[in-house]
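The chains referred to below are lettered A, B, ... by the order of the sequence lines, with proteins before strands, and numbering in each begins at 1. These numbers come from a predicted model, not from an experiment.
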Amino acid sequence: MKELTYKEMGLLEEEYEQILGILGRKPNYLELGMFSVMWSEHCGYKNSRPLLKNFPTEGPQVIQGPGENAGVVDIGDGQALVFKIESHNHPSAIEPYQGAATGIGGIVRDIFTMGARPIACLNSLRFGSLEDERVKELLAGVVSGIADYGNCLGIPTVGGEVYFNRAYQGNPLVNAMCVGLVNTQEIAYATASEIGRPLMLVGAKTGRDGIHGATFASEGLSSASAQKRPSVQVGDPFMEKLLIEACLELIKEDLVAGMQDLGAAGLTSSIAEAASKKERGVKVDVSRVPRREAGMTPYEVMLSESQERMLIIPRAGKEGRIAEIFDKWGLDATLIGEVTGDGLFKVYDGDVLVGEVPVAALTEGCPVYVREGLEPSYYEECRNSNLEELLEYDTGEAIKLLLASPNIASKHWVYSQYDHQVMINTVLVPGEADAAVLRIKGSQKGVALTTDCNARMVYLDPYQGGMMAVCEAARNLACVGARPLALTNCLNFGSPENPHIYWQMQEAIRGMAEAARKLGTPVVSGNVSLYNETAAGAIFPTPVVGMVGLIKNIEHRCGMALQDEGDLLVLLGPIREELGGSEYLQVCYGLETGRVPQVDLQAESRLIELLISLIDARLLKSCHDISEGGLAIALAESAIKGKKGFRIKWEWRGKRKDQILFSEAPGRVVVSLNEEDLASLSSLATQYEVEFHILGRVGSERMILEEEGIECVNLAIQDMTRIWGEAIECHMK
Amino acid sequence: MRFGVVVFPGSNCDRDCYHVIKEVMEEPVEYIWHKEKSLSGFDALILPGGFSYGDYLRTGAIARFSPIMPAVMDFAQAGGLVLGICNGFQILLEAGLLPGAMLRNSSLKFICQPVFLKIQRNDTPFSNKFKSMQVVKIPIAHGEGNYYCDPRTLQEMKDNGQILFTYCSADGEETMEYNPNGSLANIAGIMNGKGNVLGMMPHPERYSEDILGGRDGFNIFASMINWLKGVG
Amino acid sequence: MLKANIYVTLKNGVLDPQGEAVKKSLKILDFGQVNQVRIGKFIEVWLESRDQAAAIKELEEMSDKLLANPVIEDYRVEIVEVNQS
Amino acid sequence: MLKANIYVTLKNGVLDPQGEAVKKSLKILDFGQVNQVRIGKFIEVWLESRDQAAAIKELEEMSDKLLANPVIEDYRVEIVEVNQS
Ligand SMILES: Nc1ncnc2c1ncn2[C@@H]1O[C@H](COP(=O)(O)OP(=O)(O)O)[C@@H](O)[C@H]1O
Ligand SMILES: [Mg+2]
């Protein structure tokens, strides 16, 4: 293998100078490689760390905030949820199936590393236009990669999102979230405790795969990316399943002092992280690492990103029992080194010392860049674009076009490939509600899970869009009756070295942080994926929010399907007349512009409280959040799900129907309820200061919009169901 | 009465079956590790769903050689009730306890969704709680459930009444349109000649509690218990 | 050391959903001349052995037992290399 | 008519979880001499063509585009039969 220069490894000249300063000498090739992966954006967060500081990370429910493999929140009764979201964008762009599959493997390891049993996966996907043949391949590959890996592990994939936009042409986003359940006293941390404790490596053998994956993930995608292909890893879900079961047995028997998965930057990163926690040092002997290929150099062993490996630091005297458990599961565990007290990361090849660097230099020593953001010109241009002059589209036609938009159409093609019921906890499955709901066996409790981000809104106004992503996630949880607890996030952006992109990051994070603070949902974990761009430009800024919520009594939950004829349809929240950033503008006019609807955090918070109260009091029969496609599509989706029609009376004479029906202003939901419950709803709404509007009634098999006795929309639910149901399937035939 | 749930490396519905027998059916149940070599004191065995050995090579092909399998075969031989669900069904096929083999779904995709099944007869240990020709709803979740056997075997199974469940519409139409995976003769579940071994692709344990969306699966376990109590 | 190839193919008459799908895709990709596609497995096995006859017997046994499912598959064993070392 | 075989194998160094699992279970089944197992695809293609050179070109194109995944797999094309009819 040809040796790379520091530049080819992705280090800047001043960074190389810094390394010379730290070591007081030239690093050898191995040491240089270790610095380069640890100081990559992917591992070192060198461009994002200063911005992440703005996130609120504390709250009474938070057991563990950012800084560990995953965040942990309390759900009472001595139980906690462990969760995190992570990107696998670059690998998936190159090899969609394996890229996505190993993405699942990675995030699942982060969860059981904390001692938690993974109970659910979600994923947030972004692709270019579905008209494009390569995009179809990417979608098919990514979805089957996620499915094959997650299904084989026996972890249900219960939710997520899929969006299509030209902004992701050539640079798809694959973000995977995993949620685990743990007994609070069994939470495991990645701490290297006492000096002299051995380091055990367990799981797959080490091969040459994925060397410099972390560096690769920290660069833009170019045609040269294709040549880096040998770095693609192949996933082995069966091995991972064995690791899950074996590691959880170790935790149950309290045998480990520290546990760390091997992810980006492989052994280098996991050992450094395990050791950095208590200013310990480590020595490791690469000759002991079981290899898959002959002739691997220490450099290759230390940087390999072979999947399905774990690092275990046993409690004193427990090595024997640990070996027994691994043996039961047919896994090989090898002693590869030990914890030392000198703060140094020493790499040996047999007796020969082949590399030595201070642990802290690799971790905390990573340089940090505080950059200057610069507002791009498109921002004001879009905010000021005049949408009033657009001729109004025929409402019925617009609804049909929107239902056929892949961003709104049924995602059945995707989620039917995921096993979403294994573990028999999934109470609301994909497509049934705004969030997935799982029961916690042996209790009354339920948990609700969602991922959200409307990236077009973030692009048009990163500050508002950032707030919207958090609000939508929280609202989606409230729509099923859950109290939002905390969030994880995956910050997908272009190059931070571009001041306009840096501005997007600053603004989006400012918005997310403010919303998270106001809604009481601190940030407990996350991941950053930068340099998502191709020659054609950067992706839409896409800060995906994953959020978890708690349902006190699982019997009191709510789905989105309309239930019974005669029920009242009510809008909770204000009527808004604005089209900025809407799917309607995109689908009907090909426009992605406008002033985005402004978020009112106070109102959002009151709406969430109201929803939790209404559902807990069992006053709602359906509840659905207004997002892409606006009020009209929210109603249509509830109708399609419930196989029931409805009739709406138009009360807003003289106003533009499209502005009201297709506005994507946040802070609003559509509910249905028994007429007798209207008074109770009314008094609760008054109490929480949420305005509401009675829209009409459930009934018949058609969607009817009536204005002064004239039916201006009259569509058969069956036809709408067909359009909505077949859109993605047709593209994927 | 004692149920045993066999755990292979890669099984992942083992806990689900265990939960349903223990918490929903309220009957004694134990896990049986695949490395065990003998079985005693069990009245019924469940081979659960999942991806034993990653389903590498062919579904169920490697698990079929697990140390426990000879004991499972003896148990079946002696007339004990054996229920193979999904991957369990595939293992029973590979082991030759049931005839035929599985091919990949005709769509080549994993499919997870509820389907309708027709109960072809209700005079069996596994279906006595249903009405004959009753249509029930139970979810499937598999990538290889496309059942195949040669024409002679199919005829034999038909003659012997070994086909217990077939895919159908909500109204009981057994046409290709309602066949989710391309399975021969819409087969979703078959028994051995003696009728004490059942393999089925749908997951009854997933529809055994109302909160999970349905309860038709409950009746399969209830039938087994009923039959065991009747006999015992 | 000895290397063998084992070809596992679906029996005649057994439907090959994957082969069918590939054929369809090839037609869409304008490979109009494709008439039929069947997809089987190509298994390479390295054995610590130099005795070809014994090896073939062993490989056939492996195939009968594990590598092929006789209900749906046929197989063929072929020794491709014998290394005297 | 013409029949071709295409052998699709994992590139050297690429992990083969299937092969590993099969090797392990062959060992357990007492085929102790097995050293390594790699599992690939064996694709049989029938073409409406009699021109071997053109067919090989076409088959290679198919393999590049669809039959093999160039990121992790290699392939080899071989014409096994040309039928004059
Ligand atoms: N956008 C973010 N918001 C909050 N926390 C973050 C974010 N990005 C990364 N983190 C936290 O930084 C730490 C390091 O992340 P990462 O390198 O992805 O972990 P790992 O080594 O387990 O893959 C984790 O605790 C993670 O939760
Ligand atoms: Mg980690």
Just checking heavy atoms, which of residues 49-71 of chain B are less than 4.5 Å from chain D?
B/Tyr56, B/Leu57, B/Ile62, B/Phe65
Just wondering, are more than 12 heavy atoms of other shown residues or ligands nearer than 6.0 Å to [atom1] in [X]?
| X | atom1 | answer |
| --- | --- | --- |
| D/Lys11 | NZ | yes |
| B/Gln77 | CD | no |
| D/Lys57 | NZ | no |
| D/Lys24 | NZ | no |

